[in-house]
Amino acid sequence: MDLSDSFRIVNLVVGVIMILGGISQFFHASIQSIVIGVYVIIFGACVGLLEFQIPPQVSRYASFMFSFIGRGIFYLFIGSILLSDHWTRYVAGSIIGLVGIGYVGLEFVPSIEPPANMREADQGWGAEQV
């Protein structure tokens, strides 16, 4: 069963929600919320861009983004960061967190394979080219 397009759409939607959640951090500005907002916007842009092009540095230094469980835990982390203060952040954080829980669950379903962009960069643990 090939669900690559579905995963691509979900990841793009999560990237957009991350960017919107990061922008919402600026509404009640404090130093902490501005820093969190900037990081969440950067992470959202990176998640979206990974669906179109995979730089070699990403597969080397952020290899967790190329497995269901790694991406799921990352989404749970970002979702939990966004859960604060205003309903827009609660909605964004909850959606991202639920997608993260779904990805963690997909790791344990052998009939569903990772999408093509996750398989291409997966070199396995410690498989550096010399």
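- Heavy-atom contacts from other residues, nucleotides or ligands closer than 6.0 Å to CZ of Phe74 number more than 12.
- The two atoms that bring Ala92 and Gly21 nearest to each other are CB-CA, 4.2 Å, heavy atoms only.
- You'll find the side chain of Met18 reaches within 4.5 Å of the side chain of Val47, heavy atoms only.
- Looking at Val58 and Phe66, their side chains come closer than 4.5 Å, going by heavy atoms from C-beta outward.
- Residue Ile78 is not grouped with residue Ile69 when hydrophobic side chains (ILVMFWY) are merged at heavy-atom distances under 4.5 angstrom, including chains of intermediate members.
- The hydrophobic clustering, which links ILVMFWY residues whose side-chain heavy atoms are closer than 4.5 Å, places Leu106 and Val10 together.
- Residues Phe7 and Phe68 place their aromatic rings such that the two centres sit under 6.0 Å apart.
- Cys46 SG to Ile19 CD1: the interatomic distance, rounded to the nearest 0.5 Å, is 9.5 Å.
- The CD1 atom of Ile81 sits 6.0 Å away from the CD1 atom of Ile36 when rounded to the nearest 0.5 Å.
- Note on Val14 and Ile9: same hydrophobic cluster, where clusters join Ile, Leu, Val, Met, Phe, Trp and Tyr whose side-chain heavy atoms are under 4.5 Å apart, directly or indirectly.
- For the residue pair Leu50 and Pro55, the shortest heavy atom distance occurs at CD2-CD, 4.4 Å.
- Considering all non-hydrogen atoms of both residues, Tyr75 and Ile96 come closest at O-CG2, 3.2 Å.
- Separating the CE atom in Met65 from the CD1 atom in Ile54 is a distance of 10.0 Å, to the nearest 0.5 Å.
- The structure places CD1 of Ile34 at 6.5 Å from CZ of Phe26, a figure rounded to the nearest 0.5 Å.
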Exercise for the section: Apply side-chain contact (heavy atoms from CB on, under 4.5 Å) to the pair Val16 and Leu20, showing each step before the final yes or no. Expected result: CA-CA 6 Å; Val16 169; Leu20 294 175; 4.1 Å; yes
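- Checked by atom type and distance alone, the side chain of Ser33 pairs as donor or acceptor with a backbone atom of Ser30 at under 3.5 Å.
- Between atom CD of residue Glu107 and atom CD1 of residue Ile73 there is a gap of 9.0 Å, rounded to the nearest 0.5 Å.
- Put simply, Tyr103 and Phe64 are part of the same group of oily side chains (I, L, V, M, F, W, Y) that touch within less than 4.5 Å, one to the next.
- Shown here for Leu82 and Gly93, the closest heavy-atom pair between the two residues is CB-CA, 3.9 Å.
- Using a 4.5 Å cut-off on side-chain heavy atoms (C-beta onward), His28 and Arg89 make contact.
- Distance check, rounded to the nearest 0.5 Å: CZ of Arg71 to CG of Leu76 gives 13.5 Å.
- Phe77 and Val13 fall within the same hydrophobic cluster, defined by Ile, Leu, Val, Met, Phe, Trp and Tyr side-chain heavy atoms under 4.5 Å apart, directly or through other members.
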